[in-house]
Trainee: 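Have a look at this one before I ask anything.
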Amino acid sequence: MNHPASSNAALAARDLKHLWHPCTQMHDHDIAGQASVPMVPIVRGEGAWLIDADGRRYLDGISSWWTNLFGHANPRIAAALAEQAGSLEHVIFAGFTHEPAIELAEELLRITPPGLDRVFYADNGSAAIEVALKMSFHYWLNQGHGEKTRFIALTGSYHGETLGALSVSDVALYRKTYAPLLLTPFLAPSPDAYEGEPGESAEQVATRRLAELRALLERHAHETCAVIVEPLVQCAGGMRMYHPSYLSGLRALCDEFAVHFIADEIAVGFARTGTMFACEQANVTPDFMCLSKGLTGGFLPLSAVLTTAGIYAAFYAEHRAGKAFLHSHSYTGNPLACRVALETLAIFRDEPVLERNRALAAHLDRRLAPLRSHPHVADVRQTGMIAAIELVADKATRRPFPATDRRGLRVYLHGLQQGVLLRPLGDVIYFMPPYVTTAQEIDLLVDSAISGIELAVAG
Ligand SMILES: *Cc1c(COP(=O)(O)O)cnc(C)c1O
């Protein structure tokens, strides 16, 4: 029995009185508003499910912003966290260290592509991007190349929303307003297969886009520190997917033109795309690999930037040389977060996660296949445990619906009624479920998406 003070309505009212939520026009939650969006207070999580204050259950089809891997309140991870909290919650990470941070670095270097040799911790994805950008710039400065001050990013990219990370992002929704505050990157056209010419294969798009990147590097490599990409899937930009050959071509171009390759695996790392890391599908080792989100199984904020011994060496000198890397967060290497990350990686060692994901991904693919012929679906695409449906006004020309229609929002609201959490990116309906989701639960997600799409495209 719910005491009224802890009901959905009571908690939502208190929330809306004082809180300011991310990625939200708070007016959408105005109860008197027309298409009012509910504020849902969650009290408990269990497997792939979230349970609200009135006892209603929601299947988390997006892993709570792509963080969760092995279920909410996963008992094994929760126990590791409790144990760590009882011994060491935090310690300054300059001059001091601890075993969870050491062991996590060792383990990350063991499982990531060969050639990475150093780990720098930060406490969220955007902070990891800031670290990688600063480290790349500072490496070149220490090497006597202070003229390298620019970055190359892909169109449609998303790397976070702090000013540096937002600078190398190209999603207008997040970037446009703040553009006057930002660095200006060179934009290389994304190898996104959806943007290919009619009849062009994903691999052909990648080849063509690499030629365009080469042209950009020919003009600007001398002033460029690094090329930053989201390997295989540009997530926040609409789950746009591309062929792995782009990554091997990118690796070769970065070597040829002496610029760094920054792989932002914050969303795609940890088995999301069918391999432990997306870069594996192109057999490449980047100069910097940024990890976060799934790193702690969705429990705590933590990020890591992995780099090579060669890059590290450019900072290693007598103190008076003034070459040390300077970037410090109070919670760097937090022991609770590191311990939770270690337990998450232990689950990968103990359970056949990749195999199970392959079976689940195949099931999802089968269930989505019929949508390909839907008159308002321009594309159904999938890479491992990420699948997306592109809704359009006109299938033949791929003309989108006017953004002001907010059709994706109808899918979201319908999902909540059905007990499913799907949170479309504009008119792209996507699935990024926790790895503990069952085939039956996948069916529920897909059924809700299909009925939601019918509502969304009507009228
Ligand atoms: C989410 C995300 C980030 C930013 O991570 P935050 O922890 O939200 O700051 C960066 N890059 C990619 C690819 C992401 O998906």
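No hydrogens, no waters, no symmetry mates; every other heavy atom, side chains included, goes into these values. Since this is a predicted model, take the numbers as computed values, not measurements.
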Trainee: Not counting sequence neighbours, list each pair that qualifies as a side-chain hydrogen bond (donor to acceptor under 3.5 Å, both in side chains) and has a residue in residues 247-257.
Mentor: Arg214-Glu256, Arg251-Asp255, Arg251-Asp287

Trainee: Hey, is the main chain of Ile311 close enough, under 3.5 Å, to the side chain of Thr308 for a donor-acceptor pair?
Mentor: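 Yes, the answer is positive, given that a donor and an acceptor are paired below the 3.5 Å cut-off.
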
Trainee: Quick one: closest heavy-atom pair of Ser292 and Gly125, and the distance?
Mentor: OG-N, 3.5 Å

Trainee: What I'd like to find out is whether the side chain of Val420 reaches to under 4.5 Å of the side chain of Tyr58, using heavy atoms alone.
Mentor: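 Not touching, per the 4.5 Å side-chain cut-off.
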
Trainee: Does Leu345 reach the side chain of Met276, with side-chain heavy atoms less than 4.5 Å apart?
Mentor: yes

Trainee: Quick one: CG on Leu295 to CG on Leu104, what's the gap to the nearest 0.5 Å?
Mentor: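 These two atoms lie 6.0 Å from each other.
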
Trainee: Could you tell me if the side chain of Leu217 sits less than 4.5 Å from the side chain of Ile152, heavy atoms only?
Mentor: yes

Trainee: A side-chain contact here means heavy atoms from C-beta on lying under 4.5 Å apart; do Leu253 and Phe261 qualify?
Mentor: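 A side-chain contact under 4.5 Å is absent here.
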
Trainee: What's the verdict on ring-ring contact (aromatic ring centres under 6.0 Å, His included) for Tyr174 and Tyr158, showing C-alpha distance, side-chain angles and the deciding distance?
Mentor: CA-CA 9 Å; Tyr174 307 111; Tyr158 178 92; 5.3 Å; yes

Trainee: Kindly indicate whether the side chain of His159, heavy atoms from C-beta on, has any atom under 4.5 Å from the side chain of Glu230.
Mentor: yes

Trainee: Quick one: do the Asp15 and His21 side chains pair a donor with an acceptor below 3.5 Å?
Mentor: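 A pair is found: one side chain offers a donor N or O, the other an acceptor, under 3.5 Å apart.
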
Trainee: Calculate, to the nearest 0.5 Å, the distance between atoms CG and NE2 belonging to Asp60 and His72 respectively.
Mentor: 3.5 Å

Trainee: So, for Pro114 and Thr285, which heavy atoms are closest and what is the spacing to 0.1 Å?
Mentor: O-OG1, 2.6 Å

Trainee: Taking it one step at a time, do Glu318 and Lys323 satisfy salt bridge (Lys or Arg N to Asp or Glu O under 4.0 Å)?
Mentor: CA-CA 8 Å; Glu318 297 279 351; Lys323 289 188 168 181; over 6 Å; no

Trainee: List for me each residue that meets ring pair (Phe, Tyr, Trp, His ring centres under 6.0 Å) alongside Tyr412, sequence neighbours excluded, and say none if there are none.
Mentor: none

Trainee: Taking ring pair (Phe, Tyr, Trp, His ring centres under 6.0 Å) as the test, write out the residues that go with Phe288, two or more places apart.
Mentor: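 Phe288 satisfies ring pair (Phe, Tyr, Trp, His ring centres under 6.0 Å) with His260 only.
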
Trainee: Might you point out which heavy atoms bring Gly146 and Leu141 nearest each other, and give the distance in Å?
Mentor: CA-CD1, 3.7 Å

Trainee: Are the side chains of Leu422 and Phe431 in contact, using a 4.5 Å heavy-atom criterion?
Mentor: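 The answer is yes; the side chains approach within 4.5 Å.
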
Trainee: When the aromatic ring centroids of His98 and Phe93 are compared, is their separation below 6.0 Å?
Mentor: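 That pair passes the under 6.0 Å test.
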
Trainee: Over all heavy atoms of both residues, which pair between Ile42 and Leu50 is shortest? Give the atoms and the distance, please.
Mentor: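 For Ile42 and Leu50, the tightest heavy-atom pair comes out as CD1-CB, 3.9 Å.
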
Trainee: Is it the case that over 12 heavy atoms from other parts of the model lie below 6.0 angstrom from the CD atom of Glu99?
Mentor: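 No, because the 6.0 Å sphere around CD of Glu99 holds 12 heavy atoms or fewer from other groups.
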
Trainee: Could you note down all residue pairs passing salt bridge (Lys or Arg N to Asp or Glu O under 4.0 Å) where residues 141-166 supplies at least one of them, sequence neighbours left out?
Mentor: Arg150-Glu223

Trainee: When you check the gap from the basic side-chain N to the acidic O, do Asp365 and Arg358 get nearer than 4.0 Å?
Mentor: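 Looking at Asp365 and Arg358, the cut-off is not met.
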
Trainee: Using side-chain heavy atoms (C-beta onward) and a distance below 4.5 Å, is Phe270 in contact with Leu291?
Mentor: yes

Trainee: Please find the pair of heavy atoms, one from Arg410 and one from Ala456, that lie closest to each other, and give the distance.
Mentor: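 So the minimum-distance heavy-atom pair works out to NH1-O, 3.1 Å.
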
Trainee: Quick one: CG on Leu445 to CE on Met432, what's the gap to the nearest 0.5 Å?
Mentor: 13.0 Å

Trainee: Using a 3.5 Å distance criterion without hydrogens, assess whether the side chain of Thr112 forms a donor-acceptor pair with backbone atoms of Leu108.
Mentor: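 Yes: the side chain of Thr112 pairs with the backbone of Leu108.
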
Trainee: Go through the steps for Leu232 and Gln281 under the test side chain to side chain contact (heavy atoms under 4.5 Å, CB included), then give the verdict.
Mentor: CA-CA 9 Å; Leu232 298 187; Gln281 294 184 41; 3.5 Å; yes

Trainee: Rounded at 0.5 Å granularity, tell me how far CG in Asn68 sits from NZ in Lys293.
Mentor: 13.5 Å

Trainee: Which side-chain hydrogen bond (donor to acceptor under 3.5 Å, both in side chains) pairs, counting each pair once, include a residue from residues 338-355, with sequence neighbours left out?
Mentor: Arg76-Glu343, Arg76-Asp350, Glu107-Arg349, Arg339-Glu343, Glu351-Arg356

Trainee: Give a yes or no on whether a salt bridge exists between Arg208 and Glu200, defined as a side-chain N under 4.0 angstrom from a carboxylate O.
Mentor: yes

Trainee: Does the side chain of Asp379 reach to within under 4.5 Å of the side chain of Ile389, using non-hydrogen atoms?
Mentor: no

Trainee: Considering only residues two or more places apart or on different chains, which pairs with a residue in residues 177-193 satisfy side-chain hydrogen bond (donor to acceptor under 3.5 Å, both in side chains)?
Mentor: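 Sorted result for residues 177-193: Ser190-Gln234, Asp192-Arg240.
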
Trainee: Is the Tyr312 to Tyr139 ring centre distance short of 6.0 Å?
Mentor: no

Trainee: To check you understand the geometry: which heavy-atom pair defines the closest contact between Glu130 and Ala165, and what is its length?
Mentor: OE2-N, 2.9 Å

